[in-house]
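Here's the structure we're looking at; comments come further down.
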Amino acid sequence: QVQLVESGGGLVQAGASLRLSCTASGDIFSHYAMAWFRQAPGKEREFVATISYNGGRTSYADSVKGRFTISRDNAKNTVYLQMNSLKSEDTAVYYCAATRSYTIVLNSAGYLFWGQGTQVTVSS
């Protein structure tokens, strides 16, 4: 069992950067693969990025590849999403997710634990 709390969202202009953080508690963080998903109003939740338990492997959605970077600091029980060159299309609620796996997991159904979400709004 793990609890996740996201932070770092906000309202920014197109082209700006944000760094989201997700802090975990309740279990051994280093045993979990972590991911970010997002959901815009009226749309389904979509995969953004994932990172393996030790940070050795990452994967990104094509829509964010080259602009977003996922990373983790297991000593701080935290996963990050660095978002650069933000576009209006990135506006969504961003959710942190965790699953106990030593491999990366790309689909939302594979994640057992979810945070409450943090709003990212990009104005053009």
Side-chain angles (χ1 to χ4, degrees):
Q1 185 78 24
V2 62
Q3 294 78 47
L4 307 173
V5 179
E6 304 98 332
S7 63
L11 194 160
V12 298
Q13 296 178 335
S17 297
L18 280 175
R19 189 177 75 160
L20 306 183
S21 298
C22 173
T23 299
S25 62
D27 206 347
I28 303 174
F29 182 70
S30 61
H31 291 181
Y32 285 80
M34 303 293 296
W36 290 95
F37 293 80
R38 66 187 183 186
Q39 187 167 23
K43 297 185 178 180
E44 296 184 351
R45 187 169 299 183
E46 66 174 345
F47 168 78
V48 176
T50 188
I51 188 166
S52 61
Y53 73 104
N54 63 354
R57 293 198 295 163
T58 59
S59 185
Y60 299 90
D62 288 342
S63 59
V64 306
K65 193 173 298 182
R67 299 188 297 121
F68 291 9
T69 303
I70 189 170
S71 62
R72 67 191 296 161
D73 186 341
N74 286 354
K76 297 181 178 180
N77 293 341
T78 301
V79 63
Y80 304 96
L81 185 68
Q82 178 67 46
M83 305 185 295
N84 298 327
S85 302
L86 283 163
K87 306 174 181 179
S88 60
E89 305 95 275
D90 297 317
T91 296
V93 177
Y94 283 71
Y95 295 92
C96 178
T99 193
R100 189 162 182 160
S101 175
Y102 291 111
T103 65
I104 58 171
V105 180
L106 303 180
N107 63 93
S108 61
Y111 287 87
L112 299 178
F113 308 106
W114 295 80
Q116 308 94 325
T118 185
Q119 177 71 49
V120 173
T121 302
V122 184
S123 63
S124 59

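Nearest heavy-atom pair across Ser71 and Ile51 is CA-CD1, 3.7 Å. The two atoms that bring Gln1 and Gln3 nearest to each other are CG-NE2, 3.3 Å, heavy atoms only. Shown here for Ser124 and Ala14, the closest heavy-atom pair between the two residues is CA-CB, 4.4 Å. Closest of all the heavy-atom pairs between Tyr111 and Ala33 is CE2-O, 3.8 Å. Counting all heavy atoms, side chain and backbone alike, Ser123 lies closest to Leu11 at OG-CD2, 4.2 Å. The two residues Glu6 and Gln116 come nearest to each other via the heavy atoms OE1-N, 2.9 Å.
A side-chain donor from one of Ser17 and Asn84 sits under 3.5 Å from a side-chain acceptor of the other.
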Item to complete: For side-chain contact (heavy atoms from CB on, under 4.5 Å), just list the numbers for Cys22 and Trp36, CA-CA rounded to whole Å, side-chain angles, deciding distance to a tenth of an Å, and then say yes or no.
Response: CA-CA 9 Å; Cys22 173; Trp36 290 95; 3.7 Å; yes
Worksheet entry | Audit row: Tyr53, Thr99, side-chain hydrogen bond (donor to acceptor under 3.5 Å, both in side chains) steps and yes/no | CA-CA 9 Å; Tyr53 73 104; Thr99 193; over 6 Å; no
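Linking ILVMFWY side-chain heavy atoms closer than 4.5 Å, directly or via other members, places Val93 and Leu86 in two distinct hydrophobic clusters. The same ILVMFWY cluster, assembled from side-chain heavy atoms under 4.5 Å apart, contains both Leu112 and Val48. Under the 4.5 Å side-chain heavy-atom criterion for Ile, Leu, Val, Met, Phe, Trp and Tyr, Met34 and Phe68 are members of the same hydrophobic cluster. Hydrophobic clustering (side-chain heavy atoms under 4.5 Å, transitive across Ile, Leu, Val, Met, Phe, Trp, Tyr) keeps Ile70 apart from Val105. Hydrophobic clustering (side-chain heavy atoms under 4.5 Å, transitive across Ile, Leu, Val, Met, Phe, Trp, Tyr) groups Val2 together with Tyr94.
Ring-plane geometry between Phe37 and Trp114 is classed as tilted, the angle between the planes lying from 30 to 60 degrees on a 0 to 90 degree scale.
Between the side chain of Tyr102 and the main chain of Tyr32, no donor-acceptor pair closer than 3.5 Å is present. Checked by atom type and distance alone, the side chain of Asp27 never pairs as donor or acceptor with a backbone atom of Phe29 at under 3.5 Å. Of the possible polar contacts, one joining the Asn107 side chain to the Gly110 backbone as a donor-acceptor pair under 3.5 Å is found. Formation of a donor-acceptor pair under 3.5 Å by the Ser52 side chain with backbone atoms of Arg57 is found in this model.
A cation-pi geometry, defined here as NZ or CZ lying under 6.0 Å from the six-membered ring centre and within 45° of its normal, does not hold between Arg38 and Tyr95. Cation-pi check for Arg19 over Tyr80 is met; the charged atom lies under 6.0 angstrom from the ring centroid and within 45 degrees of its normal.
From Gln13, atom CD reaches atom OG of Ser88 across 13.0 Å, with rounding to the nearest 0.5 Å. Of the inter-residue distances, the one linking Thr58 atom OG1 with Lys65 atom NZ reads 9.5 Å to the nearest 0.5 angstrom. One finds the OH atom of Tyr60 at 12.5 Å from the CZ atom of Arg67 (value rounded to the nearest 0.5 Å). Here the CG atom belonging to Asn54 is positioned 8.0 Å from the CG atom belonging to Asn74, to the nearest 0.5 angstrom.
A 4.5 Å side-chain heavy-atom check between Leu20 and Val120 finds at least one atom pair inside the cut-off. At a threshold of 4.5 Å between non-hydrogen side-chain atoms, the residues Thr69 and Leu81 do not count as touching.
Screening Asp90, Leu18, Thr91 for a side chain to side chain contact (heavy atoms under 4.5 Å, CB included) involving Val12 leaves a single residue, Leu18.
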